[in-house]
Amino acid sequence: MDEKIKLPEDAFQPVGKDDKLDDEKIAAPSRTFLQDAWHRLKENKAAFISMWILIIIALFAFTSPITAPNPNSANPDYANLPPKIPGVNINGFNGTSIQGGQRVDQYKANNVPESKHFILGTDYLGRSLGQRILHGTMISLLIGLFATLIDLLIGVGYGIISAWKGGVVDLVMQRIIEIMQSIPNIVIMVLLLLVIKGGILPIILAIAINEWTTMARLTRAQTLQLKSQEYVLAAQTLGESSGKIAMKHLLPNLSSVIIIQTMFTIPAAIFFEAFLSYIGIGIQAPIASLGTLINDGQRNFQFLPFQMWYPAIVLAIIMIAFNILADGLRDAFDPRTSRH
Amino acid sequence: MVKYLARRIFYLILTMFLIASVTFFLMKLMPGTPLNNQAKLTASQIHTIYQQYGLDKPLWQQYVTYIVNAVQGNFGTSFQFSNQAVSYLIGSRIGPSAIIGAQGMILGVILGICTGSLSAIRKNTWVDGTANIISILGLSIPSFVFAILLQYYFGLKLQLFPVAGWGGFASTILPTIALAASPFATTSRFVRTEMVDVMGSDYIELARAKGLSRFGIVFHHALRNSLIPLVTVIGPLAVGIMTGSMVVENIFSIPGIGEQFVKSILVNDYPTIMGVTLLYSGLLCLVLLITDIVYGIIDPRIRLSGKGE
C-alpha cells in the first residue's frame, strides 16, 4: 500500500460559496424605514386606494383653472338646470326633472341650445355646478394644505423647543398650550374671522392658529424620548449646536409622528373651512368652496337635491379618504400600535 | 390633592381672565359698528346711543367696567334686542341647547361604547369591518350635511319626526341624532383601541384560563378597564358638541345658544358674542377640570400632583 494514490489535478475543486450554506445571510433585500413603511402601506388596500383617490381628486381640482375656466360666469337663462350628460337617458342625468307631477325636459323648457349641456347641472345663478365643484375642491384643498403647513411649522418648532430647553421654558410653554386648549377652537376662529374679514388668507390663519397645539404636544412628547437617546447625547458631547441636532437628529426621527398627525390635520382643516363657510363667515362670494356650495345647495334641497348632494359627496369622499389614509399611515409607521 | 385643586382653579381663573381680555380687545378691533343706519343718524343721536351703551368712554375704562361686570355675571345689554341683558338672553336659551347637547353626548357615547367593544371582541371579522366603516363615516361626514339629510328624509319625506322647531321630546330626536354622530365615532374608535389592548393583557388571559364565561370576561374585566381612559376624551367631545350645536340648532331652528351665537356674529352684536364666548370657554374649562379630577379618582395609577404629561 505504499503506492501513492495518484489523483489528477482536477480531482478536487473548490466548492465555492454556496448561498444555501450561509446561515447568516439576510434573505430579503434590506429596506430602509421609509421603504418598510411604504411596503406596509401598500398592503393596506383601503389606505392605498384612498391615496390614489386623493391623488386623482387633487389632479382634477388643481387643473381646474384650465379645464373649468369659468366657475363664476353667471347666466340667469340657464338657472337651476338639472344635470345632463349627452347620450345618457337615465332620469337624473338627462336634463329632466319633475315639475308639477310631470317629468319636464328643463333644457327644452328654458330654450337652452341643443349643443349646450351641464354635466352636473347649474346653480341658482346659472353657473355650471361641475366647474364650481372643481374650483371649490381646489380652494378647499388649498386651505387645508396651507393651514396644515403653518400648523406644522409652528407646532413642530414649538414642541421641539419646549422639550429641548426643558425646565422653566418647558413649564411656561406647556401652560400656554393648556390655556390654548381650554378655549373652544371654533369660538376663537369665529372671533378672528370677524376681526380680519374675508379672503382666503385669514381663514387659513384662523384654522392654523387653532390646530397647532396637538402637533406641539405630540412633537414634545416624542422629543422628550429622543432627547435621552445615545446618538443625541453623543452629538451633544461632540459639541454639535442645538439647531443642527434638531435638524439632523430629531426631525428625521420625528418624521413619522409628524406625517401621521399631518394627515389627521388636513381633513380637520377642510372640515373647519366648510363649517365656517357654511355659517356664512368663511369664503366670500363669488369664490366657491365646498362649504359655500353645500350652503347654496341646501336652500333648494327639496326641489333640486343634486345642488347639495354633489358637493357634499365630494367633501365626504375627501374626508373619508384622508381619514382612512391617516389610519393606514399610522399602522404603516408604527406597526406595534396597529389596529390589526 | 388640595394643592393640585388650588393650582388648577387658579389656572382656570387665569384662563378665563385671558379669554375675557382677548375677546374684549378683538371685539374692539372689529370693523363695523352696531348701528344699523349710521348715515341717517345725526352726530348727537349717535353720541346719545354710544352714551347709553357706554361706548363713549376711553378704552381702558370700558375694559375695566366690562371685566368687573363680567365677574358679577353681567355681560351688558344686547345690541340686537333692545333692553335685553345678555345674561338673560343666554339664560333663556341655555335650556334647549343643554337638552340636545346632553342627549347627543349620552346617545353618542353609549352607542360608541357598544360598537367599539363589539368590534374589539369580534376583531377582524365583518362586525369589526362594518363598525369601522360606520365610525369613519361618522367622523368624515360634516354635521351640517348629516343634519340636513336627517331633516329632509326623516322629517319631510317620511314625516316621522317634526321637521324643525322646538316643543316636546319628538322635536329633540333628529337634532340629538345629528349631534350624536361625532361623539359616537370618536368613542367607538377609542374604545376599540383600548379594548384590543386590554384583551391582550395577562389578567384577561388568567380570567379565560380560570374558565370565566366570555360575557363575564368582557363585562367584568375588559370593559371596566378600557372605559377609564375614555374620561380623557370627554373634553374634546364637549367641544365637538358645542361646534355641532351651532349648525344643528340653526338647521332645526332650535332656540338655543349656538343658534343665537351665529345670529349675533352676522349682526355684530358684540356683547352677546362676548357673553357666549365666555360661557363656552368657562364650560370647557370646567369639563376639563372635572374630567381630570374624576380620572385621578377612578384610576389611582394617575398621580395628580406630579402630572407633567
Novice: Under 4.5 Å from any heavy atom of chain A, what part of B/Ile251 do you find: side chain, backbone, both or neither?
Specialist: side chain
Novice: What's the separation between atom CD1 in B/Ile19 and atom CE in A/Met180, rounded to the nearest 0.5 Å?
Specialist: 10.0 Å
Novice: Among A/Phe271, A/Phe322, A/Tyr278, single out the residue with the greatest number of heavy-atom pairs under 4.5 Å to chain B.
Specialist: A/Tyr278
Novice: Answer whether the closest heavy-atom distance between the side chains of B/Arg189 and A/Asn323 falls below 4.5 Å.
Specialist: no
Novice: Among residues two or more places apart or on two chains, list those pairs meeting side-chain hydrogen bond (donor to acceptor under 3.5 Å, both in side chains) that have a residue in residues 266-276 of chain A.
Specialist: A/Ser140-A/Glu273, A/Glu273-A/Ser277, A/Glu273-A/Ser289
Novice: Does anything in residues 147-156 of chain B reach chain A? List residues with heavy atoms under 4.5 Å apart, or say none.
Specialist: B/Ile148, B/Leu149, B/Tyr152, B/Tyr153, B/Leu156
Novice: How many angstroms lie between CD1 in A/Ile320 and CD1 in B/Ile133, if you round to the nearest 0.5 Å?
Specialist: 10.0 Å
Novice: Drop me the distance from A/Ile324's CD1 to B/Asn132's CG, to the nearest 0.5 angstrom.
Specialist: 7.5 Å
Novice: Nearest 0.5 Å, what's the CD1-OG distance between A/Ile317 and B/Ser140?
Specialist: 11.0 Å
Novice: Between B/Leu137, B/Leu139, B/Ile141, who has the most heavy-atom pairs with chain A when the cutoff is under 4.5 Å?
Specialist: B/Leu139
Novice: Given that the side chain runs from C-beta out, which part of B/Tyr280 has a heavy atom under 4.5 Å from chain A: side chain, backbone, both or neither?
Specialist: both
Novice: Identify which part of A/Leu315 has an atom lying under 4.5 Å from any heavy atom of chain B, answering side chain, backbone, both or neither.
Specialist: side chain
